[in-house]
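Let me begin by presenting the structure, written as structure tokens, before commenting on it.
Keep in mind that what you see is a predicted model, and the values were worked out from it rather than measured.
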Number of protein chains: 2
Amino acid sequence: MATLAEIAKRAGVSPAVVSRVLNKDTTLRIAKETRERVEAVIRDTNYAPNVAAQSLRSAKSETVAVVFHDIANPVYGEILRGAQEEAERQKKAILLGDAAVGGASGSRLAQMIGGGGVDGLILQASGTRTDALIVQAARQEVPVVLLQTRLDIEAHLILLPDAEAAAMATAHLKGLGHRRIGCLATEPGLTFTEDRMKGWRQEMGGDVDEDCVTHSGPAAAEGEVAAHDLLSRHPDLTGLVCFNAVAAVGALRAARALGRDVPGDLSVIAIHDLKFAADLQVPLTVVRMPLAEMGRASIRTICDPNGARAPTTRITTPPELLIRESTAPPGRSG
Amino acid sequence: MATLAEIAKRAGVSPAVVSRVLNKDTTLRIAKETRERVEAVIRDTNYAPNVAAQSLRSAKSETVAVVFHDIANPVYGEILRGAQEEAERQKKAILLGDAAVGGASGSRLAQMIGGGGVDGLILQASGTRTDALIVQAARQEVPVVLLQTRLDIEAHLILLPDAEAAAMATAHLKGLGHRRIGCLATEPGLTFTEDRMKGWRQEMGGDVDEDCVTHSGPAAAEGEVAAHDLLSRHPDLTGLVCFNAVAAVGALRAARALGRDVPGDLSVIAIHDLKFAADLQVPLTVVRMPLAEMGRASIRTICDPNGARAPTTRITTPPELLIRESTAPPGRSG
DNA sequence: TGGATTTGGTAAATCGTATTACCAATAGGA
DNA sequence: TCCTATTGGTAATACGATTTACCAAATCCA
């Protein structure tokens, strides 16, 4: 394993020269031949600087931690993809955490955050698991970026065009002629849930019946239960806006179980796209969110020295309506 | 930011004592009150050791790099989940790489691998992108674990029960009475492709017609093209074994385009499960692979000091047949 | 020839932790 | 009283890169 000192010895110079050549120090005055000799040794000894030493010296790790609520969630994979992309561009590495399986205070990730091993923390998750991480981050003054989740800590918040997306979905159904439209929302109290509710209400105008709103977690099974209940209580609904596509798959199951044809008897539209949305039993109409852009923005915010200080970023890339086969004009029962 | 030296000063001892208390050095003889005093200062100053310094000193990072071919691939997410789980148990952090968007020689990940910032490298991907990483790993004598991909380098190889899975899928179709069974295989030359072919051939016995085998990449669109071609050439096929579930979704599209009812005219079975396999237009019968176990094994191998030296691990957890609705006894055309 | 610049570097001090080797003071034993 | 253990620590160094301050030798200009 080569060290700076060894390279220096081989090239017949001091370690300082090697370091300054590597880091392109413009204040270094050096003879052309010396530089070439040093560069040659670096090349053919295949030298790479020790990152721990660099990190110790510079108090920077060029690494950012990204913690998800559930890595395997098909919707959020795209955020990670965007983050990865931007990290590559900014020459940062990504330390991955999954709040579902780890991240508690004893975890290596927590140690790294608390021990200066990370330049920033991006959280898509919230809960007791991640609280430990936030505490660590605060101690080291590591900037924190929250995705979609307002918390009472000093952190930068990144939001999606949630109200727009919900409005867009609702408008699509209204445009088709639907009036009695239910809402399968995400968990109450969450930042994005409230924003989407706002968009939905706005678009519904006077037609809103609070009893036609229900909430569920982001799993298909949860969506199924909630939708089953809602559709049983309100057989007159001809449209359903789902705030989460995975939950919407559950809603599709519920509709089927209740013998309601989609889109014949019931139109279903959801926020977020799914990889196989087009291959579902009923190809699902969705409003696609700029998730990759959100991932990119999160890394950008961490890397921009002032970025994490500003309070909020709202992604402005507009959501995209992808019409498939789960929505249609209301039929005989509409 | 607290350092060892500061803690030591506050507690009125030398840094050595603090370090040895933290690391539970049993050779340290210390008065009970002194220890308690030190521990108290550590606690209420909320001290956490600097990881870069530790890493520099110990030449260990407690970090493992995991590089995927495509993070967003719904099939392989489960591997990551398993790896994450085991990493948590072993107190390792995971540095994530995606060969699709980065990982080239200039990337921070490559720098970290080459600079001793990583204790091991797990590769699910192969190709020019990852070659740079392998070179870096070799230089630092970082152990490499390959998932499913035999390469001509010094590395530990982890394999799934590929032959068994293919045999199981084929046997399911034969058990239903199918005889003319096609095979939509993965790309030729790959380790797991060959193993699955072996399992398929074995189970097919004499019934195998080489012209009924085709290959495709792991994307739905690729599977669709290949399957469309195969099914057009061989309209007599009543069964299709797909080596990859994502490609199988494409095959389902192709069957539909050709007007072939699944499972009425054609039974389709695939290797790997999909999150929404049960919600597809035709719920897909699959052979589920122990992917999480593979992820766990990869971390275990890295962490076990002798692990990466042994040449190969074959995961023995048996694949699991999940019968849904894409397979049935051959109909009128069978 | 002498003073000022420029050229081409180097020495040394961090960064924070871990560990080995050592040692003063007290206690114990005869 | 003197010698040996034991107790309870400490001093010093290495890990590898970076950077600031400094400086000898060569060159230039008059």
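Taking the nucleotide of DNA chain D with the nearest heavy atom to each of B:I30 and B:L56, the more 5' of the two is matched to B:I30. Residue whose closest nucleotide on DNA chain C sits further toward the 5' end, between B:T27 and B:V51: B:V51. Toward the 5' end of DNA chain D, the nearer of the two residues A:D25 and A:A53, judged by each one's closest nucleotide, is A:A53.
One interatomic measurement links the two molecules: CD of B:E33 to P of D:dG8, which rounds to 9 Å at whole-angstrom precision. Whole-Å rounding puts the B:R29 CZ to C:dC23 C1' distance at 17 Å. If you take CE of A:M112 and P of C:dT17, they are 15 Å apart, rounded to a whole angstrom. One atom, CD of A:E6, and another, P of D:dG16, lie 9 Å apart when rounded to the nearest Å. If you measure from atom CG of B:L28 to atom P of C:dT20, you get 13 Å, rounded to the nearest angstrom. The distance between atom CG of A:L4 and atom P of C:dA12, rounded to the nearest whole Å, is 17 Å. For A:K32 and C:dG9, the NZ to P distance is 14 Å, given to the nearest whole Å. A:L22 has its CG atom 16 Å from the P atom of D:dG16, to the nearest Å.
For the pair A:I299 and A:V145, the minimum side-chain heavy-atom distance is 4.5 Å or more.
Taking 4.0 Å as the cut-off between side-chain N and carboxylate O, B:R43 and B:E36 do not count as a salt-bridged pair. Between B:R296 and B:E85, at least one side-chain nitrogen of the basic residue sits less than 4.0 Å from a carboxylate oxygen of the acidic one, meeting the salt-bridge criterion. Electrostatic pairing of B:E6 and B:K9 does not count as a salt bridge here, judged by no charged N lying under 4.0 Å from a carboxylate O.
Side-chain atoms of A:P49 lie closest to D:dA17 of the nucleotides D:dA17, C:dG9, C:dT17. Of the candidate nucleotides D:dG8, C:dG9, C:dT19, C:dT19 has the atom lying nearest to any side-chain atom of B:S19.
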Considering only distance and modelled atom types, tabulate donor-acceptor pairs under 3.5 Å from the side chains of residues 64-71 of chain A, sequence neighbours left out.
unit_1	atom_1	unit_2	atom_2	d
A:D70	OD1	A:A72	N	3.1
A:D70	OD1	B:R81	NH2	2.5

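Residue A:Y47 places none of its side-chain N or O atoms closer than 4.0 Å to OP1 or OP2 of D:dG16. Residue A:S55 places none of its side-chain N or O atoms closer than 4.0 Å to OP1 or OP2 of C:dC15.
As judged by a 4.0 angstrom heavy-atom cut-off over every strand, B:N23 is placed among residues touching the sugar-phosphate backbone only. Within the 4.0 angstrom heavy-atom criterion, no nucleotide atom of any strand lies near B:S58.
Of the N and O atoms on the side chains of B:T27 and B:R20, at least one donor lies less than 3.5 Å from an acceptor on the other residue.
Contact between B:V51 and A:G116 at its shortest, heavy atoms only, is CG2-C, 4.2 Å. The shortest heavy-atom contact between A:V144 and A:A137 is CG2-CB, 3.8 Å.
Looking at B:R20, its side chain comes within 3.5 Å of the base of D:dT10 through a donor and an acceptor atom.
Within residues 8-16 of chain B, the residues that have a heavy atom under 4.0 Å from DNA chain C are, in order of number, B:A16.
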